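These figures come from a predicted structure and were not determined experimentally.
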Amino acid sequence: MPISTPLTSLLGIRHPILSAPMAIIAGSRLVTAVGEAGGFGILGGGYGEKEWLSLEIAKLQNASVPFGIGFITWSMARQPELLEMALAARPRAIMLSFGDPKPHAPRIKAAGCLLICQVQTEEMAKQALDASADILIAQGTEAGGHGASRTTFDIVPAIVDLAAGRVPVVAAGGIADGRGMAAMMVMGASGVLLGTRFYASIECDGAEEAKKRICAASSGETVRGVIFDVSRQIWWPAPFTARTLINDHARRWMGKETELIHNIEAVTAEYFAARDAGNFDVAGVFAGEAVGLIHDIPPAAVIVERIVTEADQILSGRRNFPAARATP
């Protein structure tokens, strides 16, 4: 059964579920699969890999479902031509995260696109509203990849109250099933954005070993910090840090970040060699605290159907527990 909210009406979708624009691994296959299942897929423009973006956009030219394209704002600002490339693909929305959206908002609006802004504080939300954002994503620290320190249960109602009905608010961070979606909607969210849950899907372009590690991880086996950014020599602005699965590389350097920086060239060489070899004892798996709820790697359509069915039954009072699923 479709769950209708202001978000679904605005985006022209059946279900208020968005897939996160995970850099490089949220490609056209995942975007299309989520869209065909009734959600809204967002292509992961990431740091602005132009060749990859061009190839994936080309695959979406004949898409029969609405889609979005997402960018890391501070990185995309260094390559403004990427925004033009994205707008030429006629997405329903452009999503901007981690930076001031105002310099880019007029061009996005002039192209007839909706502007989605991900925020981690009230101040960021005010900045996004001043830039005429159409949708706010309130991201909690439980999220995989980059984020800040406020919890989902804290930041979502705060941003809902601040928005005061002017724009839909989407919840992100630690959500992987219908219980999480139902909880966020009770708190006033119009939908949810999921990253880690869609990472462990057939259509995600992430490495199979990374997906298996997400399924094998227990709750509490992630860490937020700067180790994996420093190891790649990607210098993120404050207050943003990255949440990953805890692996040997994390254990080696947790609490020793200054020493890591002093050995940066050797560490970086080791890191990229491991990444290229698919060695996730060193390379990072950017995943959130919802890993403990994820035990399989199904098609994206199955994920959407499960979550919508579960949330609908909980919200209508027909169930207050998740459906039983086999675990490894």
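- Between atom OG of residue S132 and atom CZ of residue R166 there is a gap of 11.0 Å, rounded to the nearest 0.5 Å.
- Between R150 and E122 there is a salt bridge, with a side-chain nitrogen of the basic residue lying less than 4.0 Å from a carboxylate oxygen of the acidic one.
- Using modelled atom types, one side-chain atom of N247 and one backbone atom of A283 make a donor-acceptor pair closer than 3.5 Å.
- In this structure, the separation between CD1 on I25 and CD on E203 is 13.0 Å, given to the nearest 0.5 Å.
- Using modelled atom types, one finds a donor on one side chain and an acceptor on the other under 3.5 Å when comparing S231 with H249.
- Put simply, the side chain of W52 reaches to within 4.5 Å of the side chain of L43, judged on heavy atoms.
- Every residue two or more places apart in sequence or in another chain that forms a side chain to side chain contact (heavy atoms under 4.5 Å, CB included) with Q233 is listed here: W235, I264, E265, T268.
- Shown are F240, F228, W236; of these, the ring-ring contact (aromatic ring centres under 6.0 Å, His included) with H146 is made only by W236.
- Taking a cutoff of 4.0 Å between a charged side-chain nitrogen and a carboxylate oxygen, K211 and E208 qualify as a salt bridge.
- Here the side chains of I108 and L96 are in contact, with some heavy-atom distance below 4.5 Å.
- Judged purely by atom type and a 3.5 angstrom limit, R306 has no side-chain atom pairing as donor or acceptor with the backbone of T309.
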Item to check | Derivation and outcome, side-chain contact (heavy atoms from CB on, under 4.5 Å), residues Y199 and C204 | outcome: CA-CA 6 Å; Y199 195 150; C204 177; 3.9 Å; yes
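- Applying the side chain to side chain contact (heavy atoms under 4.5 Å, CB included) rule to D312 yields the partners M1, I3, R318; only residues at least two apart in sequence or on another chain are considered.
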Checklist entry - side-chain contact (heavy atoms from CB on, under 4.5 Å) between E310 and I314: does it pass, once the steps are laid out? => result CA-CA 6 Å; E310 193 171 285; I314 291 170; 4.0 Å; yes
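- At distances below 3.5 Å, not a single donor-acceptor pair connects side-chain atoms of R90 with backbone N or O atoms of G112.
- Contact annotation: the side chain of D248 never approaches that of V282 to less than 4.5 Å [non-hydrogen atoms, C-beta and beyond].
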Next on the checklist: Walk me through whether T141 and R243 qualify under side-chain contact (heavy atoms from CB on, under 4.5 Å).
Outcome noted: CA-CA 8 Å; T141 191; R243 184 174 297 283; 3.6 Å; yes
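- A heavy-atom distance below 4.5 Å is not found between the side chains of R14 and F40.
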Item to check | Test log, rule side-chain contact (heavy atoms from CB on, under 4.5 Å), inputs D134 and K109 | outcome: CA-CA 10 Å; D134 299 289; K109 292 304 190 79; 3.0 Å; yes
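- In this structure, CD in E51 is found 11.0 Å from CD in E56, a value given to the nearest 0.5 Å.
- Residues passing the side chain to side chain contact (heavy atoms under 4.5 Å, CB included) test with A143 are Q139, sequence neighbours excluded.
- Here D296 does not pair with K212 in a salt bridge; the nearest charged N to carboxylate O distance is not below 4.0 Å.
- Using a 4.0 Å cut-off between a side-chain N of Lys or Arg and a carboxylate O of Asp or Glu, D100 and K102 do not qualify as a salt bridge.
- Contact check for S9 versus S4: no side-chain heavy atoms found under the 4.5 Å cut-off.
- Paired with R92 under the rule side-chain contact (heavy atoms from CB on, under 4.5 Å), one option of L10, I13, L11, I69 passes, and it is L11.
- Contact check for F286 versus M22: no side-chain heavy atoms found under the 4.5 Å cut-off.
- Without hydrogens or angle criteria, R213 side chain to V285 main chain gives no donor-acceptor distance under 3.5 Å.
- Using a 4.5 Å heavy-atom cutoff, the side chains of M254 and I227 are in contact.
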